[in-house]
Every structure is written in C-alpha cells, then in structure tokens.
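Read the numbers this way: they start at 1 and go in the same order the structure lists the ligands and their atoms. These figures come from a predicted structure and were not determined experimentally.
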Amino acid sequence: LDHCRFPAGTPDLTLLDLNPDPLKFAAHRLHRYTPRCVQADILEPLPDFVGSGFTSIAYNYVMHCLPEPPGGKQIVFKHLREALAPDGVLFGSTVLSQGVKHTALSRRFNILYQRQGSFHNQHDSVHGLHQALEEHFASHWIEVRGSVALFAARASQTTAPRRPGASLDPR
Ligand SMILES: C[S@@+](CC[C@H](N)C(=O)[O-])C[C@H]1O[C@@H](n2cnc3c(N)ncnc32)[C@H](O)[C@@H]1O
C-alpha cells in the first residue's frame with residue numbers, strides 16, 4: 001500500500017486485521033492517508049460499523065493463514081462481499097497446496113509453516129478457490145503463479161446494504 005498508486009489522490013483507506021500489532025505498524029507507515037483501523041476476525045461477520053461501501057478490498061496472503069472452521073474458510077468471501085459496494089472488487093493472493101506446482105523448496109517451507117501452525121492451507125486448492133469465488137461473486141478471475149493464486153472477483157450490481165458507522169483505532 002505504501003508503494004501503491006491510487007486512482008484517487010486521497011483514498012479512503014481502512015486496514016483490518018485480527019491482531020493490533022500489524023495494524024499499528026501499517027497505520028504508522030501509511031500515516032499520510034490517515035487510515036481507519038479495524039481489529040476484527042474475518043472468519044466472523046464483520047462488525048456493522050465497518051460498513052458496506054468499499055469499492056475495492058485487498059485480501060493478500062491471509063487465506064492460507066486461516067484455520068478451517070466447521071463450515072469451511074470460504075465463509076470469509078461472504079463476509080468480505082458484504083462489505084463491498086455494488087460492482088466492487090475483491091482482489092488478493094494466497095498460497096495453495098493442491099492443484100499448484102510447488103518447487104522442492106516451496107513445498108518444504110509450506111509444510112514447515114503448516115507444522116508451525118502459521119499456515120492452514122493443507123486442503124486449499126485452485127478448484128476450491130474457484131468454487132468459493134463463484135459462489136459469492138458475480139464474476140471472478142484466478143491466475144496461478146507457482147504455488148500462489150492471484151485472484152480478483154466482482155460483486156454483483158445489487159448487494160445487500162449494511163450499516164456504516166464508527167471505527168476502532170488501535171493507535
Ligand atoms: C501474511 S500477513 C499478510 C498481511 C498483508 N495482507 C500483506 O500482504 O502484507 C497475514 C495477516 O493476516 C492476519 N490474520 C490472520 N488471521 C486473521 C483473521 N482471522 N482475521 C483477520 N486477520 C487475520 C494476520 O494477523 C496477519 O497480519
């Protein structure tokens with residue numbers, strides 16, 4: 001985000017994370033945009049105050065960290081889609097284990113991070129990602145590079161409204 005060129009000169013930026021430390025770090029680095037910070041678990045429905053007017057949501061390298069809840073981690077796409085404005089775009093990246101080509105080195109690190117409990121992507125596949133995005137979005141795109149899937153998905157033009165509201169600032 002620090003290096004990103006935004007289409008608007010003064011983007012309205014919200015950072016969301018489960019943990020306060022990455023929020024503080026990123027908010028400090030992006031200080032010039034005065035980002036709003038939200039501490040929340042994306043495996044749960046997002047708090048109402050997050051709102052629903054986001055024209056884009058970046059979701060990079062988080063999916064492979066998420067443990068599989070009983071209904072499946074694809075529930076996250078429902079929560080994020082609910083925060084998107086009609087026609088809004090979710091884009092991101094994730095390390096997969098199934099349906100991708102790992103090198104000997106990347107496979108070793110993938111397994112190591114799984115054993116350490118940092119990665120929970122044992123069952124994450126290209127096929128599952130397609131299914132999940134298809135279920136929750138009007139259209140989507142996936143490109144696999146090595147063991148990483150890059151993806152983008154567009155919400156339908158009619159999405160259910162959510163209430164806008166206050167923010168939680170960990171600074
Ligand atoms: C590998 S980092 C990626 C951070 C950032 N998107 C980037 O590309 O640099 C994964 C982040 O996901 C956060 N995270 C893990 N589980 C989460 C959850 N259930 N809800 C929200 N954030 C979560 C972690 O705290 C961590 O900051």
Side-chain angles (χ1 to χ4, degrees), residues 1-6 11-52 54-84 88-97 100 102 105-125 128-129 132-133 136-137 140-153 162 165-171:
L1 285 172
D2 196 20
H3 297 283
C4 183
R5 274 177 294 154
F6 292 95
D12 191 358
L13 200 61
T14 295
L15 307 172
L16 185 145
D17 203 288
L18 183 61
N19 300 305
D21 289 345
L23 280 177
K24 278 187 202 148
F25 184 91
H28 178 69
R29 186 143 168 201
L30 298 164
H31 178 70
R32 64 188 181 282
Y33 298 125
T34 55
R36 180 173 74 142
C37 291
V38 176
Q39 190 181 347
D41 182 353
I42 48 168
L43 287 169
E44 301 293 329
L46 297 182
D48 282 344
F49 66 72
V50 170
S52 63
F54 293 91
T55 49
S56 70
I57 296 179
Y59 179 44
N60 283 297
Y61 291 124
V62 180
M63 195 83 180
H64 55 247
C65 302
L66 299 177
E68 195 79 25
K73 61 169 88 172
Q74 67 274 14
I75 192 69
V76 165
F77 290 120
K78 176 176 185 291
H79 300 153
L80 295 177
R81 190 209 58 213
E82 286 171 350
L84 277 176
V89 172
L90 171 82
F91 64 94
S93 48
T94 188
V95 181
L96 300 174
S97 295
V100 292
H102 271 280
L105 189 61
S106 76
R107 184 173 296 106
R108 285 181 75 164
F109 272 101
N110 200 38
I111 291 169
L112 175 69
Y113 294 145
Q114 289 169 354
R115 287 197 184 133
Q116 286 178 343
S118 310
F119 280 17
H120 299 271
N121 62 348
Q122 287 87 337
H123 306 294
D124 291 5
S125 67
L129 186 60
L133 292 173
H136 295 289
F137 293 89
H140 73 272
W141 162 94
I142 296 176
E143 181 180 328
V144 176
R145 292 199 193 173
S147 56
V148 170
L150 309 171
F151 56 88
R162 284 160 48 95
S167 63
L168 190 158
D169 196 333
R171 284 172 292 177

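- For the pair His64 (side chain) and Asn121 (backbone), a donor-acceptor distance under 3.5 Å is absent.
- For a threshold of 3.5 Å applied to N or O pairs, the pair formed by Ile42 and ligand 1 contains at least one separation below that value.
- Here Ala58 has no heavy atoms under 4.0 Å from ligand 1, in either its backbone or its side chain.
- The CD1 atom of Ile111 lies 12.0 Å from the CZ atom of Phe119; values are rounded to the nearest 0.5 Å.
- Note that atom 9 (O) of ligand 1 has no protein non-hydrogen atoms nearby, at separations under 4.0 angstrom.
- Considering both main-chain and side-chain atoms, His64 never comes within under 3.5 Å of ligand 1 through any nitrogen or oxygen pair.
- Against a heavy-atom cut-off of under 4.0 Å, Tyr61 is close to the following atoms of ligand 1: 1 (C), 2 (S), 3 (C), 10 (C).
- Taking 4.0 Å as the cut-off between side-chain N and carboxylate O, Arg32 and Asp2 count as a salt-bridged pair.
- Of the possible donor and acceptor atoms, none in the side chain of Arg81 sits under 3.5 Å from a partner among the backbone N and O of Leu90.
- The main-chain N or O of Leu43 is found under 3.5 Å from a side-chain atom of Asp41 such that the two form a donor-acceptor pair.
- Atom 16 (N) of ligand 1 has as its closest protein heavy atom Leu66 CD2, 3.5 Å.
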Report the C-alpha distance between Tyr33 and Leu1 in whole Å, list the side-chain angles of each, state the deciding distance to 0.1 Å, and finish with yes or no for side-chain contact (heavy atoms from CB on, under 4.5 Å). CA-CA 10 Å; Tyr33 298 125; Leu1 285 172; over 6 Å; no

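- When each atom of ligand 1 is checked for a heavy atom of Val62 under 4.0 Å away, the hits are 12 (O).
- Per-residue contacts place Ala40 under 4.0 angstrom from the following atoms of ligand 1 (heavy atoms of the residue considered): 20 (N), 21 (C).
- Of the protein's heavy atoms, Asp41 OD1, 2.8 Å lies nearest to atom 19 (N) of ligand 1.
- No donor-acceptor distance shorter than 3.5 angstrom exists from the side chain of His136 to the backbone of Ile75, with no hydrogens or angles considered.
- Counting protein heavy atoms only, atom 22 (N) of ligand 1 is closest to Leu18 N, 3.1 Å.
- Between Leu16 and ligand 1, not a single N/O pair is under 3.5 Å apart.
- One side chain, Ser93 or Asn60, offers a donor N or O that lies under 3.5 Å from an acceptor on the other.
- The shortest N or O to N or O distance between Asp17 and ligand 1 is under 3.5 Å.
- Annotation for ligand 1: atoms under 4.0 Å from non-hydrogen atoms of Pro22 are 27 (O).
- At a threshold of 4.5 Å between non-hydrogen side-chain atoms, the residues Leu13 and Phe6 count as touching.
- In terms of protein heavy-atom proximity, atom 6 (N) of ligand 1 is closest to Asn60 O, 2.8 Å.
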